[in-house]
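For clarity, every value in this text was computed on a predicted model and none was experimentally measured.
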Amino acid sequence: MRTPVTIIGAGLGGLTLARVLHVHGIPVTVYEAEPSPTARSQGGMLDIHDYNGQLAVRAAGLMDEFHGLVLEGRQAMRVLDREGTVLLEKADDGTGGRPEVQRGELRQMLLDSLPADTVRWGHKVSGTRSLGEGRHEVTFAGGGTVATDLLVGADGAWSRVRPLLSTATPEYTGLSFVETYLYDADTRHPAAAKAVGGGSLMAHAPGRAIHAHRESGDTLHTYVLLPRPLEWFAAIAFTDAAAATARIAREFEGWAPELTALITDGDTPPVLRPHYALPIEHRWDRVPGVTLLGDAAHLTAPNGEGANLAMLDGAELGQALATHPDDVEAAFTAYERAMFPRSAEVAAEGVGSDELMFGDGAPHALVSAFTTFIGQEQTQ
Ligand SMILES: Cc1cc2nc3c(=O)[nH]c(=O)nc-3n(C[C@H](O)[C@H](O)[C@H](O)COP(=O)(O)OP(=O)(O)OC[C@H]3O[C@@H](n4cnc5c(N)ncnc54)[C@H](O)[C@@H]3O)c2cc1C
């Protein structure tokens, strides 16, 4: 390989690629906008699936470390109605194939597996341009450039590398989350803690839902799901935590108090997370010397697969580069040939789920879908 592989973005996808390349003895440098690994809270728990995310962990040679991060019992899940009645419950018997880990710990596991100088923190890419013959120049907001024969955009939803390959830009999906945390929930918020149970809770009604997870210890992490236009959220002053909380809680009037407590008793200000997506069939014609992975390539509406797919992309791209060390285009072509249909298929699975989650049949339509899914899992 002529130059080190240049990865933009030290998220789960970029770091998995860096680790797999390192395992194969291929030099790699990752440029990351954030100033340090701890600059930003990494968000909540992720379930890492045996059919994608765990394959990546295995390719990275980190299965033992991964098992050490798994939070026991968190695969338990229940679906409730707005009165707090449990309509469906699945215990965690340890065979679910979707162990839960804290995202920050998973990222740290990957960082710890790389030589110390692999990630260059505080390098926010402001632009990229072709130098011809498969070479590209990357410009950093703080000054400076690098030129590379082998550029990978792992820089998420608003990728600065993507324009080299595609004119597509993410569009709002129509769904936003509002995020809250309750700390020391077993003692400070016992009713909410009891409602969530040992794993996760989903409470649905037409046009709204509450999803909550028991994270490490007894922290409850909640996403309030609201399918509303961006203008609806723009009318709420999220800078005024109390007013924003009250406005969001109004959408859940009449719900069981142990469920609304997940909103009203938040120990952190509510954070708005609007969701954007690229077109489902997003792909590009091969451009020598550059490719994308993870959200940069196939940002989708939230479906529980994004981090898993980003890691699998990283692992497969790393393996393809190791298989074709002297032919980057063969490696990129092989990687994209598998990645394009895989991500399109996952994105397409989400189409129509709005009706299931938020339609007039909620929450019973969702319960039927889960019952079918659990039945299929058990017969496999
Ligand atoms: C609220 C929410 C909940 C989610 N829950 C789940 C879940 O339960 N399961 C699941 O599988 N997925 C989930 N996802 C999706 C998942 O978070 C993403 O699909 C995944 O993080 C994509 O990984 P990535 O490495 O491609 O990008 P990212 O994780 O976005 O990482 C990109 C990295 O690039 C850096 N970067 C960005 N721009 C630049 C730049 N200009 N220069 C340099 N660096 C840059 C960023 O700082 C970041 O470190 C969730 C997403 C959201 C928003």
TODO: Assign the ring pair Phe140 / His123 to parallel, tilted or perpendicular, where the plane angle (0 to 90°) is split at 30° and 60°.
DONE: perpendicular
TODO: Output yes when a side-chain donor or acceptor of Gln102 lies under 3.5 Å from a complementary backbone atom of Ser216, and no otherwise.
DONE: yes
Task: Pairwise side-chain contact, Val290 with Val152, heavy-atom cut-off 4.5 Å (strictly under) - done: no
Open item on the list: With a 4.5 Å cut-off on side-chain heavy atoms, are Lys90 and Arg78 touching?
Closed with: no
- [ ] May I ask you to check whether Trp158 and Tyr276 place their ring centres under 6.0 Å from each other?
- [x] yes
- [ ] State whether the side chain of Thr128 and the backbone N or O of Pro163 hold a donor-acceptor pair below 3.5 Å, judged by distance alone.
- [x] no
Task: Within one Ile-Leu-Val-Met-Phe-Trp-Tyr cluster: Val328 and Val161, side-chain cutoff 4.5 Å - done: yes
Task: Arg162 bridged to Asp295 by N-O distance under 4.0 Å - done: no
Open item on the list: Donor-acceptor pair, distance only, cut-off 3.5 Å: does the side chain of Asp155 make one with the backbone of Arg160?
Closed with: yes
Open item on the list: Check this for me, if you would: do Asp267 and Arg188 make a salt bridge, where the nitrogen-to-carboxylate-oxygen distance has to be below 4.0 angstrom?
Closed with: yes
Task: Verify same cluster id: Leu111, Val28 (apolar side-chain graph, 4.5 Å) - done: yes
Task: Nearest atoms (heavy-atom pairs only) where Gly84 meets Glu258 - done: CA-OE2, 4.2 Å
Open item on the list: Is there a side-chain contact between Met202 and Leu80 in this structure, where contact means two heavy atoms from C-beta onward sitting under 4.5 Å apart?
Closed with: no
Open item on the list: Are Phe340 and Glu281 packed together at the side-chain level, in the sense that at least one heavy-atom pair is separated by less than 4.5 angstrom?
Closed with: no
Open item on the list: Less than 4.0 angstrom from a charged side-chain N to a carboxylate O is my criterion; do Glu316 and Arg342 meet it?
Closed with: yes
TODO: Over 60° means perpendicular and under 30° means parallel, so classify the ring planes of Phe252 and Trp255, tilted if in between.
DONE: perpendicular
TODO: Find the distance between OG (Ser166) and CZ (Arg283) and round it off to the nearest 0.5 Å.
DONE: 12.0 Å
- [ ] Apply salt bridge (Lys or Arg N to Asp or Glu O under 4.0 Å) to Asp50 and Arg58, showing your working.
- [x] CA-CA 10 Å; Asp50 50 11; Arg58 196 174 296 285; over 6 Å; no
TODO: Using modelled atom types only, decide if a donor and an acceptor are shared between the side chain of Arg74 and the backbone of Glu72 within a distance under 3.5 Å.
DONE: yes
Open item on the list: As a test of understanding, state which of Ile7, Thr29, Val30 forms a side chain to side chain contact (heavy atoms under 4.5 Å, CB included) with Val119.
Closed with: Val30
Open item on the list: Does the plane of the ring in Phe238 sit parallel, tilted or perpendicular to the ring in Phe233? Use 30° and 60° as the thresholds.
Closed with: tilted
Open item on the list: Using the ring-ring contact (aromatic ring centres under 6.0 Å, His included) criterion, which residues pair with His49? Sequence neighbours excluded.
Closed with: Tyr51
Open item on the list: Within a 6.0 Å radius of atom CD on Glu137, are there more than 12 heavy atoms belonging to other residues, nucleotides or ligands?
Closed with: yes
Open item on the list: Can you confirm whether Arg129 sits close enough to His136 that some side-chain heavy atom of one is under 4.5 Å from a side-chain heavy atom of the other?
Closed with: no
Task: Passing option when Leu46 is tested against Arg98, Arg107, Arg103 for side chain to side chain contact (heavy atoms under 4.5 Å, CB included) - done: Arg103
- [ ] Report yes or no: do Leu55 and Leu62 belong to one cluster of Ile/Leu/Val/Met/Phe/Trp/Tyr joined by side chain heavy-atom distances under 4.5 Å?
- [x] no
Open item on the list: Can you confirm if the aromatic rings of His275 and Tyr172 lie within a centre distance of less than 6.0 Å?
Closed with: no
Task: Reported OH-to-CG distance for the pair Tyr181 and Leu262, which is rounded to 0.5 angstrom - done: 13.5 Å
Task: Close side-chain approach of Val79 to Phe370, heavy-atom, < 4.5 Å - done: yes
- [ ] Step by step, work out the side-chain hydrogen bond (donor to acceptor under 3.5 Å, both in side chains) result for Glu100 and His213.
- [x] CA-CA 10 Å; Glu100 301 266 1; His213 251 107; 3.3 Å; yes
- [ ] Rounded to the nearest 0.5 Å, what's the gap from CD on Glu349 to CD1 on Ile280? Could you check?
- [x] 10.5 Å
Task: Minimum-distance pair of heavy atoms, taken over all atoms of Ala297 and His282 - done: O-ND1, 2.7 Å
TODO: Ignoring hydrogens and angles, tell me if any N or O in the side chain of Glu215 forms a donor-acceptor pair with the backbone of Met45 under 3.5 Å.
DONE: yes
Open item on the list: Can you confirm whether the side chains of Asn52 and Glu305 place a donor and an acceptor under 3.5 Å from each other?
Closed with: yes
TODO: Answer yes or no: is there an ion pair linking Glu251 with Arg228, defined by an N-O contact shorter than 4.0 Å?
DONE: yes
- [ ] Would you name the heavy atoms of Ala347 and Thr300 that are closest together and state the gap between them?
- [x] CB-CG2, 3.4 Å
Sequence neighbours left out, cut at 3.5 Å: what donor-acceptor pairs do the side chains of residues 11-21 make with other protein atoms?
unit_1, atom_1, unit_2, atom_2, d
Thr16, OG1, Leu12, O, 2.6
Arg19, NE, Ala60, O, 2.7
Arg19, NH1, Ser113, O, 2.9
Arg19, NH2, Ala60, O, 3.1

TODO: Using atom types as modelled and distance alone, determine if a side-chain donor or acceptor of Ser126 lies under 3.5 Å from a backbone N or O of Thr139.
DONE: yes
Task: Flag, side chain of Arg82 to backbone of Ala209, donor-acceptor distance under 3.5 Å - done: no
Task: Heavy-atom closest pair, residues Gln108 and Pro37 - done: OE1-CB, 4.2 Å
- [ ] Would you mind reporting whether Pro274 and Leu230 have side-chain heavy atoms less than 4.5 Å apart?
- [x] yes
Open item on the list: Using every non-hydrogen atom in the two residues, find where Pro270 and Val178 come nearest and quote the distance to one decimal.
Closed with: CB-CG1, 3.6 Å
Open item on the list: Could you see if Leu71 belongs to whatever hydrophobic cluster contains Leu106? Use Ile, Leu, Val, Met, Phe, Trp, Tyr and a side-chain cutoff under 4.5 Å.
Closed with: no
TODO: Hey, can you tell me if His211 and His204 have their rings parallel, tilted or perpendicular (30° and 60° cut-offs)?
DONE: tilted
TODO: Evaluate salt bridge (Lys or Arg N to Asp or Glu O under 4.0 Å) for Arg286 paired with Glu336, printing each intermediate quantity in order.
DONE: CA-CA 9 Å; Arg286 187 86 294 291; Glu336 289 170 357; 2.6 Å; yes
Open item on the list: Is it the case that over 12 heavy atoms from other parts of the model lie below 6.0 angstrom from the CG atom of Asp117?
Closed with: yes
TODO: Would you check if the side chain of Arg273 reaches a backbone N or O of Val271 as a donor-acceptor pair within less than 3.5 Å?
DONE: no
- [ ] Please lay out, stage by stage, how His298 and Asp313 fare under the test side-chain hydrogen bond (donor to acceptor under 3.5 Å, both in side chains).
- [x] CA-CA 11 Å; His298 47 71; Asp313 288 354; 2.6 Å; yes
- [ ] Ignoring hydrogens and angles, tell me if any N or O in the side chain of Ser159 forms a donor-acceptor pair with the backbone of Gly156 under 3.5 Å.
- [x] no
Open item on the list: Are Val287 and Leu292 connected into the same hydrophobic cluster when the rule is that any two of I, L, V, M, F, W, Y join if their side-chain heavy atoms are below 4.5 Å apart?
Closed with: yes
Task: For the student: nearest non-hydrogen atoms of Ile248 and Ile236, plus distance - done: CD1-CD1, 3.9 Å
Open item on the list: Quick one: does any side-chain atom of Asn308 pair with a main-chain N or O of Asp47 as donor and acceptor, under 3.5 Å?
Closed with: yes
Task: Approximate separation, where rounding is to 0.5 Å, of Leu312 CG and Ser343 OG - done: 10.0 Å
Open item on the list: Are Leu150 and Phe332 packed together at the side-chain level, in the sense that at least one heavy-atom pair is separated by less than 4.5 angstrom?
Closed with: yes
